[in-house]
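Both counts, for ligands and for their atoms, begin at 1 and track the order of listing. Remember, predicted model here, so these are calculated numbers, not experimental data.
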Amino acid sequence: MASAESRAAPTALPDTASLRQRFRGRLLTEPADLEPFLVDWRRRYFGRAIAVAMPDSTDEVAAVVRWCAEHRVAVVPQGGNTGMSGAATPDDSGRSLVLSLARLKGVRAVDTVNNSITVEAGCTLAEVRAAAGSAGRLFPLSLPSEGSCTIGGNLATNAGGVAVLRYGNARELCLGLEVVTADGEIWHGLRGLRKDNTGYDLRDLFVGSEGTLGVITAATLKLYPQPAAQITAMAAVDDPHAALRLLELAQSAVGSSLTAFELMSDLCIELVTKHFPDHRRPFAQPAPYYVLLEISDSESEQHANATFEALMERAHEAGVARDTVVATSGAQSRALWALRELVSEAQALTGKNIKHDISVPISSIGDFVERTNAQLEQRFPGIRMVVFGHLGDGNLHYNVSPPADRCDREHEAEFLGLQPAINRVTHDAVVAFEGSISAEHGLGQLRRDESARYKSQVEMALMRRVKQALDPLGIMNPGKVLPPG
Ligand SMILES: Cc1cc2nc3c(=O)[nH]c(=O)nc-3n(C[C@H](O)[C@H](O)[C@H](O)COP(=O)(O)OP(=O)(O)OC[C@H]3O[C@@H](n4cnc5c(N)ncnc54)[C@H](O)[C@@H]3O)c2cc1C
């Protein structure tokens with residue numbers, strides 16, 4: 001039997017005249033207009049497309065998908081195009097249509113009793129957070145890319161970010177969805193319910209499916225009370241083992257008030273302060289690693305300070321922190337966060353690098369970093385490990401940069417040639433530690449084949465059956481998540 005992926009049989013390119021007529025001004029076909037939609041944020045993947053459709057309502061999204069189904073044209077949903085796995089970039093066949101959700105910008109409802117908000121897929125994450133803030137509530141999903149990424153993309157990738165420790169990832173924040181299915185029907189699943197056991201959870205199928213099962217057009221999301229006070233601090237530590245001991249102490253001292261616990265190696269700070277000279281090192285003496293932690297207190301500033309001081313006292317007594325700095329103003333807090341949030345951009349400015357977005361059980365992170373660093377540094381002398389991420393969730397961006405004297409374009413191809421071997425060492429280690437090779441960035445094109453290599457045949461077969469059932473023509477973002485055939 002032909003697989004869903006292979007059923008979009010190639011035929012002559014369809015005439016887009018009927019689409020152009022209906023979507024006048026909202027269908028881009030000029031090469032210069034298409035360009036920004038055909039390359040991913042990291043500039044690793046370049047594709048081609050017959051057009052970019054920018055519908056501004058759910059009905060219009062459904063009409064575009066119906067046209068694509070009729071003409072067997074692949075649909076590539078795109079939000080803010082900030083994804084790290086090439087999942088929003090079409091292939092180079094030129095037979096895809098990029099479906100940009102950027103014009104679906106409505107905030108449909110805010111319910112401060114149900115603590116929920118219903119927004120359309122093209123709202124940026126920052127816009128959703130601002131809308132919640134205007135109603136005196138917190139929407140806690142928070143990513144460095146929140147000014148550009150969309151809530152539709154966040155849900156389609158099940159984004160994580162810096163507050164998962166306390167509030168969970170995008171999946172856990174989603175109560176309901178509105179989705180345009182692969183045949184252009186609309187599933188009205190915008191339920192604001194905390195409890196709903198009425199059969200298979202369709203919402204959870206679409207969350208994290210990277211546009212391969214349907215198009216998310218709107219979502220109902222959980223809101224939380226705004227914290228009364230927040231404390232941001234940074235601790236200098238010897239290694240990830242010490243950071244883990246600090247995490248354990250913090251969790252026992254402040255419980256669920258601990259909202260962020262981020263790790264960074266010294267090289268991260270070096271790159272940020274080099275490429276963004278307005279930002280300064282937080283400590284006079286460098287340390288091998290730093291932890292950025294945030295406490296959100298529901299009582300008062302005074303209570304937050306007392307809790308935090310007690311924690312720091314215990315950390316110094318236990319010898320887990322070499323030194324600490326505490327932000328005493330909003331500006332200082334933002335400056336500490338900037339050191340963390342600019343790492344990806346600083347690394348990109350340094351040149352091409354090899355990224356890994358891995359998770360292992362939290363307790364194994366110290367051993368994972370120690371052993372895998374040693375293996376990689378022995379096999380690829382001179383490479384530099386740029387290790388940072390959400391330690392409190394067991395998730396690290398475990399990135400590899402070329403040796404300092406080989407960051408130039410001349411050596412780029414040589415370094416990227418090492419990618420398969422570096423990935424293999426890293427991901428074999430992840431699997432040996434019972435971890436995941438994609439913790440929050442999804443599979444897209446980047447991790448698709450590696451994931452298939454590590455998953456069992458049973459898991460792959462189940463995933464293929466889901467794809468076949470929801471997208472029998474194989475038109476939804478083909479070539480992403482599942483290998484063709
Ligand atoms: C500087 C920087 C920092 C980042 N930090 C984090 C981080 O901390 N945590 C994290 O998880 N990610 C992070 N990311 C990655 C990225 O921002 C997230 O994956 C984000 O969720 C993608 O949203 P987007 O709107 O840009 O989606 P896109 O990149 O446009 O698309 C991503 C995927 O979702 C699909 N998609 C998009 N919209 C829809 C829709 N409406 N319906 C169905 N499918 C859709 C696309 O087809 C594609 O498969 C970071 C990225 C950058 C550039």
Side-chain angles (χ1 to χ4, degrees), residues 36-37 39-43 45 47 52 55 58 61 65 74-90 96-104 119-128 141-164 169-171 177-182 205-219 260 262 337-338 340-349 355 357 359 388-390 393 395-397 438-448 471 476-481:
F37 298 89
V39 56
D40 69 311
W41 188 82
R42 294 178 67 202
R43 304 194 67 78
Y45 297 100
V52 174
T58 301
V61 172
V65 175
V75 182
V76 181
Q78 195 175 98
N81 202 14
T82 66
M84 292 285 194
S85 307
T89 311
S96 308
L97 180 137
V98 174
L99 177 51
S100 167
L101 282 303
R103 288 187 186 213
L104 262 65
V119 291
E120 294 184 346
C123 292
T124 64
L125 176 54
E127 286 163 350
V128 177
L141 190 70
S142 175
L143 318 181
S145 51
E146 63 195 40
S148 314
C149 65
T150 62
I151 195 68
N154 299 150
L155 290 162
T157 56
N158 187 22
V162 295
V164 174
N169 47 25
R171 183 187 302 285
L177 288 181
E178 178 186 87
V179 171
V180 169
T181 65
L205 270 184
F206 290 108
V207 173
S209 65
E210 299 181 53
T212 61
L213 301 180
V215 185
I216 296 168
T217 48
E262 300 284 308
W337 269 110
R340 162 65 186 85
E341 290 178 343
L342 288 170
V343 178
S344 291
E345 282 177 62
Q347 202 185 10
L349 291 169
K355 284 193 191 299
D357 164 41
S359 64
F388 64 102
H390 319 295
D393 314 323
N395 171 201
L396 288 183
H397 302 307
S438 182
E440 60 175 11
H441 291 163
L443 299 177
Q445 328 187 28
L446 179 71
R447 297 283 174 238
R448 180 193 73 185
D471 178 22
M476 289 306 308
N477 212 1
K480 317 293 167 47
V481 178

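- Panel note: side chain Lys355, backbone Ser85; no donor-acceptor pair is recorded below 3.5 Å.
- Nearest heavy atoms, Met476 versus Ala182: CG-CB, 3.6 Å.
- Atoms of ligand 1 lying under 4.0 Å from at least one heavy atom of Ala159, given by number and element, are 11 (O), 21 (O).
- The distance criterion of under 3.5 Å between nitrogen or oxygen atoms is met by Gly83 with respect to ligand 1.
- When non-hydrogen atoms are compared, ligand 1 lies under 4.0 Å from the backbone of Ala88 as well as from its side chain.
- If you number the atoms of ligand 1 from 1 as listed, the ones under 4.0 Å from a heavy atom of Asn477 come out as 47 (O), 49 (O).
- Contact between Pro90 and Val98 at its shortest, heavy atoms only, is CG-CG2, 3.9 Å.
- Near Gly211, the atoms of ligand 1 lying under 4.0 angstrom from a non-hydrogen atom of the residue are 43 (C), 44 (N).
- Summarising the geometry of Tyr45 relative to Asp40, their closest heavy-atom pair is N-OD1, 2.7 Å, with the distance given to 0.1 Å.
- Atom CG of Asp357 is separated from atom NE2 of His441 by 4.5 Å, given to the nearest 0.5 angstrom.
- Residue, atom and distance of the protein heavy atom nearest to atom 20 (C) of ligand 1 are Asn154 ND2, 3.5 Å.
- In this comparison of Ser145, Gly152, Gly79, the heavy atom closest to atom 17 (O) of ligand 1 sits on Ser145.
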### Task
Take His390 and Glu440 through the side chain to side chain donor-acceptor pair (under 3.5 Å) test and state the conclusion after the steps.
CA-CA 10 Å; His390 319 295; Glu440 60 175 11; 3.0 Å; yes
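- Thr82 OG1, 3.5 Å is the protein heavy atom nearest to atom 22 (C) of ligand 1.
- Of the possible donor and acceptor atoms, none in the side chain of Glu146 sits under 3.5 Å from a partner among the backbone N and O of Ala126.
- Counting heavy atoms closer than 4.0 Å to ligand 1, residue Leu155 contributes nothing at all.
- Of all atoms in ligand 1, listed by their number and element, those nearer than 4.0 Å to a heavy atom of Gly214 are 43 (C).
- Residue Lys480 places no heavy atom under 4.0 Å from ligand 1.
- Residue contact annotation: Glu345 has no non-hydrogen atom under 4.0 Å from ligand 1.
- Protein heavy atom at the shortest distance from atom 47 (O) of ligand 1 is Pro77 O, 2.6 Å.
- Closest non-hydrogen pair, Gly122 versus Thr150, comes out as O-CG2, 3.7 Å.
- The distance from the CD atom of Glu210 to the CZ atom of Arg448 is 11.5 Å, given to the nearest 0.5 Å.
- Listed for the Arg171 side chain is no donor-acceptor partner under 3.5 Å among the backbone atoms of Gly208.
- Contact atoms of ligand 1 toward Thr150: 24 (P), 25 (O) (distance under 4.0 Å to a heavy atom of the residue).
- Annotation: the span from Asn154 atom CG to Cys123 atom SG amounts to 11.0 Å, rounded to 0.5 Å.
- For atom 13 (C) of ligand 1, the nearest protein heavy atom (residue, atom name, distance) is His441 NE2, 3.8 Å.
- Numbered from 1 in the order shown, with element, the atoms of ligand 1 that lie under 4.0 Å from a heavy atom of Gln78 read 30 (O).
- Each of the atoms 8 (O) of ligand 1 lies under 4.0 Å from some heavy atom of His390.
- Set against the non-hydrogen atoms of Gly160, the atoms of ligand 1 under 4.0 Å away are 10 (C), 11 (O).
- Taking atom 23 (O) of ligand 1 as the reference point, the nearest protein heavy-atom neighbour is Cys149 CB, 3.5 Å.
- Within the model, atoms CD of Glu127 and CD1 of Ile151 stand 11.0 Å from one another, a figure rounded to the nearest 0.5 Å.
- Closest of all the heavy-atom pairs between Glu178 and Thr58 is OE1-OG1, 2.6 Å.
- Within the 4.0 Å heavy-atom criterion, the part of Thr157 lying near ligand 1 is the side chain and not the backbone.
- Selection from Ala87, Ser100, Pro144 by nearest heavy atom to atom 6 (C) of ligand 1 gives Pro144.
- Among all non-hydrogen protein atoms, the one lying nearest atom 7 (C) of ligand 1 is Glu440 OE2, 3.4 Å.
- Contact annotation: Glu341 has no heavy atom less than 4.0 Å from any atom of ligand 1.
- Any N or O atom pair closer than 3.5 Å counts here, and Val215 shares no such pair with ligand 1.
- By the 3.5 Å distance cut-off applied to N or O atoms, Gly80 is counted among the residues near ligand 1.
- Interatomic distance, OG of Ser344 versus CG of Leu349, reported as 11.0 Å (0.5 Å rounding).
- For atom 41 (N) of ligand 1, the closest heavy atom belonging to the protein is Ile216 O, 2.9 Å.
- Within the 4.0 Å heavy-atom shell around ligand 1 one finds Asn81.
- In the candidate list Ala156, Gly389, Gly208, Gly161, Ala156 is nearest to atom 44 (N) of ligand 1, counting heavy atoms.
- When every heavy atom of Gly161 is checked against every heavy atom of Leu143, the shortest pair comes out as CA-CD2, 3.4 Å.
- Under a 3.5 Å cut-off, the side chain of Asn477 and the backbone N or O of Ala87 do form a donor-acceptor pair.
- Note on Glu262 versus Arg340: salt bridge recorded, some NZ/NE/NH1/NH2 to OD/OE distance being below 4.0 Å.
- Protein heavy atom nearest atom 27 (O) of ligand 1, with residue, atom name and distance: Gly153 CA, 3.6 Å.
- For Glu210, a nitrogen or oxygen atom sits less than 3.5 Å from a nitrogen or oxygen atom of ligand 1, counting backbone and side chain alike.
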